[in-house]
Structure formats: C-alpha cells, structure tokens
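Structure record follows, encoded as structure tokens.
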Amino acid sequence: MPRDIVTIDPATEQEIATYDYMTDAEAADAVEACHQAFLGWSSRALEDRAEVIRKVGQTLRDNTEEFAQLMTREMGKLLQDSRDEIGLCAQICDYTADAGPTELADEEREIPQGTGVITHAPIGVIYGIQPWNFPCYQVVRYAIANLMAGNGVLLKHAENVTGSGLFLQDVMEKAGLPKNLFTVLRINHEQSDRVIENGRVRGVTMTGSDSAGSKIGQKAAEQIKKSVLELGSNDAYVVLDDADLDVAVQTCVGGRLYNNGQTCVNAKRFIVTEKNYDAFVEKFAAQMEKVETGDPRADGTGLGPMARKDLRETLSKQVDQSVEKGARAIVGGETPEGTGFFYPATVLVDVAPGQPAYDDELFGPVASVIKAKDDEDAMRIANDSRYGLGGGIFSKDEKRARELASKSFDTGQVCINGFNVAIPNMPFGGVKNSGYGREHGGFGMKEFVNSKSLYVHQ
C-alpha cells in the first residue's frame, strides 16, 4: 500500500496535504465503533434525530466559506459553485429534518381481525463509496437520509478530496452527531472490499462509473447485502422542432459546463432536429467559444480546471478517438499547455454511433451535438444509450413535452425547458447502466430500513 494520500490543487498542481492510510486493524476498529454508535442512535426518537440533522444544516451554513475554499482547492470547481453546493446540502438537511419524522413514522392498515402496523426500523451501518466531483453533496445525499433513518454511516471518499471528507466529519460532530456515527475511512480498494465483507456493514451505496459500479454491486451481492448505485450517464438534451432556440442554447451551455462539466447529470449529448440544427450549432458554438477558462477562485472565470491530470488525459483521448472516427471539433478540442489541468469548452459535431462522444460518458466540458431528422427521431436517439440518469426536452408545447418525458424518455429524470441537478424533495437515480435505487424526495430514507410488518390481533 502507498505510504499516504496526497491531495493536489488542480489549478496550480501544488500539493495541498498528505494523509496516512488506515491500517487494516484501524479500519476494522472504525467499523466496530460506528456500529456501537449506531446502537444508541437507532433508539433515539425520530424527532430527536431530526433536530440533530437540522443542526448539521446550520453548521454547514456557518462554515460555508471555509468549506467552499477547501473544495475548490481540492477539485477545482468554481468557488461560487462550491458555495452553492454547501447551500444545497443545508437544504437537504432542512428537508430531511422536516419530512423525516413523517416519512419514517409507523403506518397502520386494516387487516382481518386486527390492525396491521408497518414500522421502518434502521438496519445498521451503511457504507458509502463516493466520488470527488461534489465533495460535500455526494456524501450528504446518502448520509443524511441514512442518519435520519437511524443508521450509522461510513464513508470512503475519493482520495483527492480527503480533506473535504474529514471537514464534513467535523461538521457532523460539531452539530451534535454522536462521535463515530459518521466515520471517514482512509483506505484503499482492497481494504474497501473487506469493509463490504464486514458483518457489521448492512448495506452499500456507491456513486461512480458503471464499470466500478458493476464490481461494487457484485461484491455486495456476494455478501447478500443490498446496494444502491448511481453510475453516471451521457444525458441527452433534445431540441424539438418547436423549441425556443435562445432558451435551448443558454440552458445547454450552462448545463454542459456546470461544475466544470464534471457532473453525472450534466447535459452532454445535444440532439437537435434538422429544422433547428444549423441555427442551434451556430449559436451554441459562439457561446461555448466565449467561455473563459482560468482560476476557479477568480471572479469572472467561466470554467475551472478538471479535477485530476488523469481525468483530463482520458477526456482528451475520447475527443481524439471521436475525431478519428468522423466527429469534428468546431470549438476547442485540444489540451492547452501550461500549469493546471485545464481543458477548454469544446463542441463536437458530426457525432455518430461508434464514437466515444456518442456511446460513452465524456466527463468534462465537451458537448456532443447530434442531428435528428425530426422529433420522433430525436427521441429515438436520446434513448439510444446504455445510460439513463437524466435528460431534457425543449419545446414550446409543455403538455406534449411532459407526455414525451413521462412516457417516452427512458431515464430517471427529465428537465423541460431548463436544467436541474437535484432538488431535495424530488427523487434522484437512474435506470439501465446508470444504476438503481433512489435518493432524495423521501425515497432515500427508506432504501436501507427494515420495513417490518406487525400483525396486532384483536
């Protein structure tokens, strides 16, 4: 095992901090300590848990600037995006504190000769494996729901945002969460497998690539443990014949570049009907070309660096392979020289099946524009993907767009004439290779509970 974890500022390539890996014994002890903390937490009333979670939200707000600066330093997102992320996490805490006691309350149903009671009992320690692109949100998304449910929570965060994981652990404890109930594990992949095997761990949740998800899901299944997987996507945003092009262009630029283009539900494939294609490409390319890349801490920067050098290399290779197979880069498309892991806003056209730009997820500021014959063909192309996390439709006919979204779009969420990442009271999750399970909207609180049936005979 390497001696330690090193975090790097992707804008400057300067070392930020080093952290020791845990030994196997330390990791096992941390799992046991989380279980012991769970035993006390699970017996507390729903309203008591909710109050602590509400305080977590307030503590996040109280520490916004320090936490935002750290996140931007570790993974390169624009500073305002870091602040907004923390705000969203505080909202998740508020929503969970408000809705949790009702969502998790006992339910009564009529049964022959008595009363049926459904109680949602916590099951134990839940292990989360999370990526770097939202250092606070990815963790809060699963952790807060499970804490509300009465479970304990373990976190293996991406190594390049180790500081953010530890900062969040401190926030939890400052807010009054019992010590060890939320624990960051500084471990490698082999140790992670042993955590999944640990008998104290009752469930596994993971966000990342579909290739990694298949391995984690298989490992959990071997132990007969439930898993929730959110595995990325190449979300299609469909511009129909009757779309407002100005709205579509503005939204698609923002949707592609949000979080430096490194979001599971970024707008990534832009499917435009033949009627609108030329005008859309002209306007979209002009807007993407204007985006200024630079220091994510500076006012006016439109696009920060990618989070790691290897991620930029992967994206650059995908663009090159797509061009070799017939795509054209009409904006960007080349890795700049100089310090920092920067990659320009890029627009690819002539995108077709067989190219990474069509088939795969491009996790960075690269837009794939695809021409469709008509509205029907556009929806066909949108669904021609192994993924299904999010997507969008642009149309002036809201009723028709809503029907297409609900009945024809094979994906977990659809934005109509706009772009959204996640909202606390709406479910979040995917289909196909984008994974399974749901978070937010009350759904996440019940993913890892024992919905137990009680038969009270009278």
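Relative ring orientation between Phe394 and Tyr237 is described as tilted, the plane-to-plane angle lying within the 30° to 60° band. Ring geometry for Phe134 against Tyr137 counts as perpendicular: the plane angle is over 60°, on a 0 to 90° scale with 30° as the lower cut.
Under 3.5 Å, the side chains of Thr115 and Glu108 contain no donor-acceptor pair of N or O atoms. For the residue pair Ser385 and Asn234, a side-chain donor N or O sits within less than 3.5 Å of a side-chain acceptor on the partner. Using modelled atom types and a 3.5 Å distance limit, the side chains of Asp62 and Gln58 yield a donor-acceptor pair. A donor atom on one side chain and an acceptor atom on the other are found under 3.5 Å apart for Tyr127 and Ser192. Looking at Asp241 and Thr273, their side chains do bring a donor and an acceptor atom within 3.5 Å of each other. Counted by atom type alone, Ser82 and Thr72 present one or more donor-acceptor pairs between their side chains at under 3.5 Å. For the residue pair Asp84 / Gln80, a side-chain donor-acceptor distance below 3.5 Å is found, with atom types taken as modelled. Checking Asp106 against Thr119 by side-chain atom types alone, a donor-acceptor pair falls below 3.5 Å.
Ion pair Arg386/Asp359 not flagged as a salt bridge, since none of the NZ, NE, NH1 or NH2 atoms sits closer than 4.0 Å to an Asp/Glu carboxylate oxygen. Between Arg141 and Glu439 there is a salt bridge, with a side-chain nitrogen of the basic residue lying less than 4.0 Å from a carboxylate oxygen of the acidic one. Ion pairing between a basic and an acidic side chain is recognised when a charged N comes within 4.0 Å of a carboxylate O; Lys268 and Glu361 show such pairing. Between Asp350 and Arg328, at least one side-chain N (NZ, or NE/NH1/NH2) sits under 4.0 Å from a carboxylate O, which counts as a salt bridge. Taking a cutoff of 4.0 Å between a charged side-chain nitrogen and a carboxylate oxygen, Asp374 and Lys275 do not qualify as a salt bridge. The residues Asp94 and Arg61 are annotated as salt-bridged, a charged nitrogen and a carboxylate oxygen being separated by less than 4.0 angstrom. A salt bridge between Asp320 and Lys317 is absent, with no side-chain N of the basic residue lying under 4.0 Å from a carboxylate O of the acidic one.
Counting heavy-atom neighbours within 6.0 Å of Glu107 CD, excluding the residue itself, gives a total above 12. In the displayed structure, Lys55 atom NZ is contacted under 6.0 Å by at most 12 heavy atoms of other residues, nucleotides or ligands. For NZ of Lys446, the number of neighbouring non-hydrogen atoms (other residues, nucleotides, ligands) closer than 6.0 Å is greater than 12. Other residues, nucleotides and ligands contribute only 12 or fewer heavy atoms inside 6.0 Å of the CZ atom of Phe443. The environment of CD in Gln250 is sparse: at most 12 heavy-atom neighbours from other residues, nucleotides or ligands sit within 6.0 Å. Within a 6.0 Å radius of CD in Gln69, more than 12 heavy atoms belonging to other residues, nucleotides or ligands are found. More than 12 heavy-atom neighbours from other residues, nucleotides or ligands sit within 6.0 angstrom of CG on Asp310. For Arg402, the CZ atom is loosely surrounded, since the number of other residues' heavy atoms within 6.0 Å does not exceed 12.
By the 4.5 Å heavy-atom criterion applied to side chains, Ser233 and Cys264 are not counted as neighbours. Contact check for Phe363 versus Leu311: no side-chain heavy atoms found under the 4.5 Å cut-off. Within the 4.5 Å cutoff, the side chain of Ser227 has heavy atoms near those of the Tyr436 side chain. Two residues are said to be in side-chain contact when any heavy atoms from C-beta on lie closer than 4.5 Å; Leu78 and Thr301 meet this criterion. At least one side-chain heavy atom of Trp41 sits less than 4.5 Å from a side-chain heavy atom of Val52. Between Met206 and Glu230, the closest side-chain pair of non-hydrogen atoms is not below 4.5 Å. A heavy-atom distance below 4.5 Å is not found between the side chains of Val125 and Val153. At a threshold of 4.5 Å between non-hydrogen side-chain atoms, the residues Asp360 and Gln355 do not count as touching.
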Side chains of residues 414-427: which donor-acceptor pairs under 3.5 Å do they make with residues two or more places apart or in other chains?
unit_1	atom_1	unit_2	atom_2	d
Asn417	OD1	Ser395	N	3.0
Asn417	ND2	Ser395	O	2.9

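Judged purely by atom type and a 3.5 angstrom limit, Ser42 uses its side chain to pair as donor or acceptor with the backbone of Phe38. A distance-only check finds no donor-acceptor pair linking the side chain of Asp48 to the backbone of Arg44 [under 3.5 Å]. Remark: the backbone N or O of Phe448 is not paired with any side-chain donor or acceptor of Arg202 at under 3.5 angstrom. Between the side chain of Asn146 and the main chain of Gly152, no donor-acceptor pair closer than 3.5 Å is present. Remark: the backbone N or O of Gly388 is paired with a side-chain donor or acceptor of Ser434 at under 3.5 angstrom. Within the 3.5 Å criterion, the main-chain N or O of Met306 finds no donor-acceptor partner in the side chain of Asn260. Using a distance-only test at 3.5 Å, with no hydrogens or angles considered, a donor-acceptor pair links the side chain of Thr346 to the main chain of Pro344.
The two residues Ile129 and Ile216 come nearest to each other via the heavy atoms CD1-CD1, 3.7 Å. Ala149 and Pro122 get closest at one heavy-atom pair: O-CB, 3.2 Å. Between Ala158 and Pro131 the shortest heavy-atom distance is CB-C, 3.8 Å. Among all heavy-atom pairs drawn from Glu74 and Ser164, the shortest one is OE1-OG, 2.7 Å. Closest non-hydrogen pair, Pro101 versus Leu46, comes out as O-CD1, 3.8 Å. For the pair Phe342 and Gly294, the tightest heavy-atom approach, listed with the atom from each and the gap, is CE2-O, 3.3 Å.
The distance from the CG atom of Asp210 to the CG atom of Leu389 is 11.5 Å, given to the nearest 0.5 Å. Annotation: the span from Glu85 atom CD to Leu60 atom CG amounts to 10.0 Å, rounded to 0.5 Å. Here CD1 of Ile196 is found 8.0 Å from NZ of Lys225. Values are rounded to the nearest 0.5 Å. Once rounded to the nearest 0.5 Å, the distance linking CG of Asp397 with NZ of Lys399 reads 8.5 Å. Rounding to the nearest 0.5 Å places NE2 of His440 at 11.0 Å from CD1 of Ile144. Put simply, OG1 on Thr7 and CD on Glu159 are 10.5 Å apart, with the number rounded to the nearest 0.5 Å.
With sequence neighbours left out, Lys432 forms a salt bridge (charged side-chain N to carboxylate O under 4.0 Å, His left out) with Asp410. Shown here are the salt bridge (charged side-chain N to carboxylate O under 4.0 Å, His left out) partners of Lys407, two or more places apart in sequence or in another chain: Glu403. The salt bridge (charged side-chain N to carboxylate O under 4.0 Å, His left out) check on Arg400 picks up Asp375, with sequence neighbours excluded. Residues satisfying the salt bridge (charged side-chain N to carboxylate O under 4.0 Å, His left out) test with Lys219, not counting sequence neighbours, are Glu197, Glu222.
Applying the ring pair (Phe, Tyr, Trp, His ring centres under 6.0 Å) test to residues at least two apart or on different chains, the pairs with a partner in residues 47-95 are Phe67-Phe167.
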* Audit row: Asn133, Gln138, side chain to side chain donor-acceptor pair (under 3.5 Å) steps and yes/no -> CA-CA 8 Å; Asn133 58 332; Gln138 296 285 11; 3.1 Å; yes
